[in-house]
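Below, read A as the first sequence line, B as the second, and so on, with proteins coming before strands; counting in each chain starts at 1. Bear in mind that the values here come from a model prediction, so they are computed numbers and not experimental data.
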2 protein chains.
Amino acid sequence: MTFGPSCNVSQVDLSHHLSSEARMRKPNPMKEIWKLTRRKPNMVSLANGDPHFSLYPMRRIEYEMASIEEADPVAAWRKAGPSAASTKLVSSTYEPCALPLQTGLQYSHGAGLPDCQRVVTELTKFYHNPPDHVCTLALGNSDGIAKCFRLLGERGDYFLADEFSFSSITNVPLAQGIKWAGVKMDDGGMIPEDLENVLANWDTARGRRPHVLYIVPCGQNPTGSTLSVERRKQIYEISQRFDLMIIEDDPYYFLQYDSLSASTTDFSTPFVPSLLSMDTDGRVLRVDSFSKIMAPGMRLGWITSSALFHTHLVSYTDASTHHPHGFGQMLITELLSGPKGWQIEGFDRWVRSLRAEYHRRRALFLTLFEREVAPTGLARAAVPEAGMFVWIRIALERHPRLRGDLRRVPGGDRAGPRTNCAALMEELFERCLDAGLVIMPASIFALPVDAKDADVEDPVEDRLNYLRATFAGTEEAMEQGLAILGQTLREFFADEQQEMELA
Amino acid sequence: MTFGPSCNVSQVDLSHHLSSEARMRKPNPMKEIWKLTRRKPNMVSLANGDPHFSLYPMRRIEYEMASIEEADPVAAWRKAGPSAASTKLVSSTYEPCALPLQTGLQYSHGAGLPDCQRVVTELTKFYHNPPDHVCTLALGNSDGIAKCFRLLGERGDYFLADEFSFSSITNVPLAQGIKWAGVKMDDGGMIPEDLENVLANWDTARGRRPHVLYIVPCGQNPTGSTLSVERRKQIYEISQRFDLMIIEDDPYYFLQYDSLSASTTDFSTPFVPSLLSMDTDGRVLRVDSFSKIMAPGMRLGWITSSALFHTHLVSYTDASTHHPHGFGQMLITELLSGPKGWQIEGFDRWVRSLRAEYHRRRALFLTLFEREVAPTGLARAAVPEAGMFVWIRIALERHPRLRGDLRRVPGGDRAGPRTNCAALMEELFERCLDAGLVIMPASIFALPVDAKDADVEDPVEDRLNYLRATFAGTEEAMEQGLAILGQTLREFFADEQQEMELA
């Protein structure tokens, strides 16, 4: 792994994956001029309209951060609240610091401020040690993924994803004219054999065979599933064989848990190797984020890719969002490399402590589920190995109003659903709302596919009998929410008389 | 002007200006669900993977800002440096503040955090009082404009702009397949008659008549020109007549100066009315930025538009960058509405003081120019009424190696330039670099147009005899830079013997 855009190119030429927009994009002509300011020492510049830092109305920003001196820093920070031990980081114009205000708040370029790009590169190396890659800063996870979609996707293309995926992301490329092709999942996440099946049997009358796979390997949203090392290797091998680019979206990487029987996740438990770590070809674009491990409003993340895609990501960033804000970059640089900062070792202690905290939340959620919901016999929770979500299967087969013969009734659509699963789940969702509970229905996450691309043999409408719940919220929310869910399920399944209003 | 997306729609239906991508875009399905969390009081949510604020590793951010108690706050701040009077703003989880950390650093939606959207709306109302518009937060000026381009532009479209424009911006839509059509300028900026001429004589064989005008009304980059109120009214009237959308890019709005004969710009001098303030139809998308008046690295700005375009901007933001970072939003909210903040009155004092400061810089630049460059008789500086740039005309007609007959020489291109202006300017630019000065050549700003769209009668290559210089830098840079420029011009124009290596 190399720092900066001058690293070796990857061994496989993957430039044919670039979208026509990306290939048409020319670097900003101003950048060539800016480079000239370094032609020789002491160049005088009358070139750029950069406000002088003496005119910035701020001269010092102080961030009060958690101390990582405690054995379990997240627990200590959370319990003591305003009186917890802290460390103060400073970004200043006049005091020494890792990334001074006058640099941090000036214009920079698409890859981000070099100091911040460097610490993020070191972080990536620490956890993934990818073969030959470069980091590009992004404005959080969504921005990073949207940029990858724009970089690779062409109108009429199909992208591959889990058939249940996070709709805030799968919604993004639709307006570009990109369509989705779903891959089936089980408790272990994407099924490699189905991925291979979709690719091997691709009908090119639909369009060119998909060349982009979007995947969330840890604590997948919404199912909570995590890919085993074995599956990751299989998926990477399939990607090589079918020449796929992989967008590895991994916001929950640090939230990987020990088994439920353990009282907490041991700090020393290793993280499952990422697809990036296996990426000898340079076909992985990995998107990382600080949202789940620090705070979502930071809107700061990074993309790790081969130098080729890095160069194009930088050009696109310069021609769209521009580099991320200086605040987050100053904070991260100070945190990871400043004299009072956590350093990478302290960051590692924080994220390992954080996953122990989420381990406890997961345990609490599942204990409450056992108490409030499981006794109904009407729902079963999958135990997630990572992330923030529990995928709850509703036993609709036990519902008195379930119908399984919709295709055979007069006027039944031969390509449509066989069951009224979708309507019953909609009704359950509405009943939960009426009872005061917001919980996510599976329908929201069903990959948006064109009617003509729908799976006629095994329509997704018949497999919507799931709810997504999170254990990221408060203990009170879990306690109250699961009590409402249990009670609502009892009433809903007992209700034999009521007409199906929504069918 | 209304706060929030529920304002009255504008009186003219302009929805036909939306790009097919914008029209295809569907709102994020998750948003509908999130709204349900407000269906009734005390809803319990197990819906969203929002990390609880007690797990954010920061609990307090303190910003040390300039005091605006002084009569001329920018001068006081600049002169006293680290010992200047300051005011401390705080964003905190546990202390009272205008926008607490737990809200500011949580996820929000495309328009931005409501508290910040509100203060930015109040600011816009204070300066522009637009008829019926809504503000959408953006990640700075470039992000805002790039979003407007994506919202309005279709592959094959032509957009209109000054024939010399900021190439970092004009480069942006080219990869989308959008082309530029230039409008001629004089010292007063875009010439309304030429705008009308381009539109009235549009040959639809090139493509549909342009429907988007990109314009910088104050201190235009690179020419420094500012549109008079009269020209603004003419341009708006032409836009109505030819059904144009106007992207008003106005980062230098606050840097409008009194005449050069005044020793400073009076605090009470009014700002020229913006195109937004005249926008009865809802055809202006105005882009504002904090980069020039606070700091570029803030990467925070906002777009003011009719409710229709606001809605689409929010959808696009939700499907690309997501809302801007919380740091800048917390800072701006605290600054403009917090108990220790400047409030809008203090902000107004700051920007009026800032333009007085830039007035002094402009005066210094022009004084130095008179001393170092003007005596050569080889260059003339236009006096900018706003902004940060001086457009310097080089008297190439006096250069001994100027040729004006290139079309008549054997092999001369009848559609090409008549003169070797471009080659001589390239040579001058290189000589400046060799002498240690970076100054921007006009060629960098020539609107990028296809060869087939070039003006054959009056080719832009013959009008590249300008340099752009800035007075945003230090006094030393101006002093040294203009001395180098004067000396380099003398040598360049004295050089009758040297072969034209670059011709």
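Of the atoms belonging to Pro441(A), it is side-chain heavy atoms, and not backbone ones, that fall under 4.5 Å from chain B. With a threshold of 4.5 angstrom between heavy atoms, Ser83(A) approaches chain B through N, CA, C or O but not through any side-chain atom. The part of Phe389(A) that comes within reach of chain B is its side chain, from C-beta onward, which places non-hydrogen atoms under 4.5 angstrom from that chain. For a residue to count as touching a neighbouring chain, one of its non-hydrogen atoms must lie under 4.5 Å from one of that chain's; by this rule Asn48(B) touches chain A with backbone and side chain alike. The part of Phe429(B) that comes within reach of chain A is its side chain, from C-beta onward, which places non-hydrogen atoms under 4.5 angstrom from that chain. The part of Ala146(B) that comes within reach of chain A is its side chain, from C-beta onward, which places non-hydrogen atoms under 4.5 angstrom from that chain. Heavy atoms closer than 4.5 Å to chain B are found nowhere in Phe149(A), neither backbone nor side chain. Neither the backbone nor the side chain of Phe471(B) comes within less than 4.5 Å of any heavy atom of chain A. Heavy atoms of Asn141(A) lying under 4.5 Å from chain B are absent altogether. Proximity to chain B is limited to the side chain of Leu354(A), based on heavy atoms less than 4.5 angstrom apart. Looking at Ala435(A), the atoms closer than 4.5 Å to chain B (heavy atoms on both sides) all sit in the backbone: N, CA, C or O. Neither the backbone nor the side chain of Pro41(A) comes within contact range of chain B; no heavy atom of the residue lies under 4.5 Å from a heavy atom of that chain. With a 4.5 Å cut-off on non-hydrogen atoms, Pro251(B) does not touch chain A at all. Contact annotation for Lys40(A): only side-chain heavy atoms (C-beta onward) come within less than 4.5 Å of a heavy atom of chain B. Contacts of Leu101(A) with chain B are absent, with no heavy-atom separation under 4.5 Å from either backbone or side chain.
Taking the six-membered ring where the residue is Trp, Phe327(B) and His325(A) present tilted rings, their angle falling between 30° and 60°.
When all heavy atoms of Pro51(A) and Met388(B) are compared, the pair lying nearest together is CG-CE, 4.0 Å. The minimum heavy-atom distance linking Met43(B) with Val438(A) is given by the pair CE-CG2, 3.6 Å. Shown here for Leu46(B) and Ala477(A), the closest heavy-atom pair between the two residues is CD2-O, 3.7 Å. Among all heavy-atom pairs drawn from Ser168(B) and Met30(A), the shortest one is OG-CG, 3.2 Å. Arg150(A) and Tyr316(B) get closest at one heavy-atom pair: NH2-OH, 3.5 Å. In this structure, Arg299(B) and Tyr107(A) approach most closely via the heavy-atom pair NH2-CE2, 3.6 Å.
Between chain A and the options Gly436(B), Ala138(B), Ala472(B), heavy-atom pairs under 4.5 Å are most frequent for Gly436(B). Contact count versus chain B (heavy atoms, under 4.5 Å) is highest, among Thr474(A), Asp318(A), Ile484(A), Asp434(A), for Asp434(A). Ranked by non-hydrogen atom pairs under 4.5 Å with chain A, the options Ser20(B), Gly177(B), Gly49(B) are led by Gly49(B). Contact tally against chain A (heavy-atom pairs below 4.5 Å) for Ser142(B), Gly481(B), Ser315(B): the top residue is Ser142(B). Interface check for chain A: of the options Glu476(B), Met294(B), Gln480(B), the most heavy-atom pairs under 4.5 Å are formed by Met294(B). Per-residue counts of heavy-atom pairs under 4.5 Å with chain A were compared for Ser19(B), Gly387(B), Pro296(B), Ala295(B); the largest is that of Pro296(B). Of the listed residues Leu105(B), Asp143(B), Thr170(B), the one with more heavy-atom pairs under 4.5 angstrom with chain A than any other is Leu105(B). Chain B forms the most heavy-atom pairs under 4.5 Å with one residue out of Arg78(A), Glu64(A), Met65(A), and that residue is Glu64(A). Of the listed residues (Ser67(A), Gly326(A), Ala319(A)), the one with the most heavy-atom contacts under 4.5 Å to chain B is Ala319(A). Between chain B and the residues Leu482(A), Leu433(A), Ile293(A), the largest count of heavy-atom pairs under 4.5 Å involves Leu433(A).
Judged as a ring pair (Phe, Tyr, Trp, His ring centres under 6.0 Å), and not counting sequence neighbours, Phe53(B) has no contacts. For Thr317(B), the side-chain contact (heavy atoms from CB on, under 4.5 Å) test picks out Lys147(B), Thr321(B), with sequence neighbours left out.
Atoms OG and CD, on Ser291(A) and Gln106(B) in that order, are 9.0 Å from each other to the nearest 0.5 Å. Atom OG of Ser320(B) is separated from atom CD of Gln176(A) by 10.5 Å, given to the nearest 0.5 angstrom. If you take CG on Leu139(A) and NE2 on His322(B), they are separated by 11.5 Å, rounding to the nearest 0.5 Å. The OG atom of Ser54(B) sits 11.5 Å away from the NZ atom of Lys79(A) when rounded to the nearest 0.5 Å. Going from atom CD of Glu357(B) over to atom NE2 of His52(A) covers 10.5 Å, rounded to the nearest 0.5 Å. Atom OH of Tyr56(B) and atom CE of Met298(A) lie 11.5 Å apart (nearest 0.5 Å).
For the pair Arg59(A) (side chain) and Ser86(B) (backbone), a donor-acceptor distance under 3.5 Å is absent. Between the side chain of Arg468(B) and the backbone N or O of Ala47(A) there is at least one donor-acceptor pair closer than 3.5 Å.
Side-chain contact between Leu55(A) and Val74(B): present, with at least one pair of heavy atoms (C-beta onward) separated by less than 4.5 Å. Between Ile61(A) and Ile61(B) the shortest side-chain heavy-atom distance falls below 4.5 Å. Between Asn171(B) and Lys26(A) there is a side-chain heavy-atom pair separated by less than 4.5 Å. Put simply, the side chain of Val44(A) does not reach to within 4.5 Å of the side chain of Met478(B), judged on heavy atoms.
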